[in-house]
Amino acid sequence: MRPVLFFMMKSCPYCKQAINWMKELEQENPAYSDIEIKTIDENLEPDVADQYDYYYVPTYYINGEKVHEGVATKEKIKQVFDTALL
């Protein structure tokens with residue numbers, strides 16, 4: 001299992017939706033609850049955010065590789081979680 005970096009902003013409506021879907025997926029599949037997710041608010045942690053190459057939030061990284069950037073769907077987040085479980 002690999003940890004996930006989740007870049008977001010509190011003011012972003014797409015990030016809020018992504019967070020809700022992440023919670024739903026964790027309830028639907030208990031294995032997803034075991035994934036370590038480090039949430040980085042780019043406004044609160046700009047030094048960390050500046051180390052990564054992305055333009056839109058929400059963005060997900062696994063092992064330093066960007067696996068999703070921009071408006072997410074529940075299915076795309078599920079794919080991120082499934083990748084983290086490999």
J.: Spell out, yes or no, whether I37 and I77 are grouped together once hydrophobic residues are joined by side-chain heavy atoms under 4.5 Å, including indirect joins.
T.: yes
J.: Between L25 and V4, is there shared hydrophobic-cluster membership here, with clusters defined by ILVMFWY side-chain heavy atoms closer than 4.5 Å?
T.: yes
J.: Are Y61 and M9 connected in the hydrophobic side-chain network, where two residues link if heavy atoms are under 4.5 Å apart?
T.: yes
J.: So how far is it from T83 OG1 to Q79 CD, rounded to the nearest 0.5 Å?
T.: 7.0 Å
J.: Which heavy atom of A84 sits nearest to which heavy atom of I62, and what is that distance?
T.: N-CD1, 3.7 Å
J.: For the pair F7 and Y54, name the ring-plane relationship: parallel under 30°, tilted 30 to 60°, perpendicular over 60°.
T.: tilted
J.: Residues two or more places apart in sequence or in another chain: which of them pass side chain to side chain donor-acceptor pair (under 3.5 Å) with Q17?
T.: none
J.: Out of the candidates E28, M22, E26, only one should pair with E24 under the side chain to side chain contact (heavy atoms under 4.5 Å, CB included) rule; please name it.
T.: E28
J.: Is F81 close to N29 at the side-chain level, that is, under 4.5 Å between some pair of heavy atoms?
T.: no
J.: Is there a path of hydrophobic side-chain contacts, each under 4.5 Å between heavy atoms of I, L, V, M, F, W or Y residues, that connects V57 with Y52?
T.: yes
J.: Test your reading of the model: is there a side-chain donor-acceptor pair from D41 to the backbone of N43, 3.5 Å cut-off?
T.: yes
J.: Atom CG in D50, atom CD in E45: separation rounded to 0.5 Å?
T.: 11.5 Å
J.: Within a strict 4.5 Å, meaning less than it, do heavy atoms of the E65 and R2 side chains meet?
T.: no
J.: For residues V67 and M1: do they belong to one hydrophobic cluster (side chain heavy atoms under 4.5 Å, members Ile, Leu, Val, Met, Phe, Trp, Tyr)?
T.: yes
J.: Please work out whether the ring planes of H68 and Y60 are parallel, tilted or perpendicular, with thresholds of 30° and 60°.
T.: tilted
J.: Tell me every residue that passes side chain to side chain donor-acceptor pair (under 3.5 Å) with D82, counting only those two or more places apart in sequence or in another chain.
T.: Y32, K78
J.: Between atom CD1 of I19 and atom OG1 of T39, what is the distance when rounded to the nearest 0.5 Å?
T.: 6.5 Å
J.: Holding to side chain to side chain contact (heavy atoms under 4.5 Å, CB included), I want the full list of residues that pass it with Y56, two or more places apart in sequence or in another chain.
T.: E69
J.: Is there a donor-acceptor pair closer than 3.5 Å between any side-chain N or O of K66 and the backbone N or O of D53?
T.: yes
J.: Between A18 and P58, what is the shortest heavy-atom contact and its length?
T.: CB-CG, 4.0 Å
J.: Rounded at 0.5 Å granularity, tell me how far CD in E42 sits from SG in C12.
T.: 9.0 Å
J.: Would you name the heavy atoms of W21 and A72 that are closest together and state the gap between them?
T.: CZ3-O, 3.2 Å
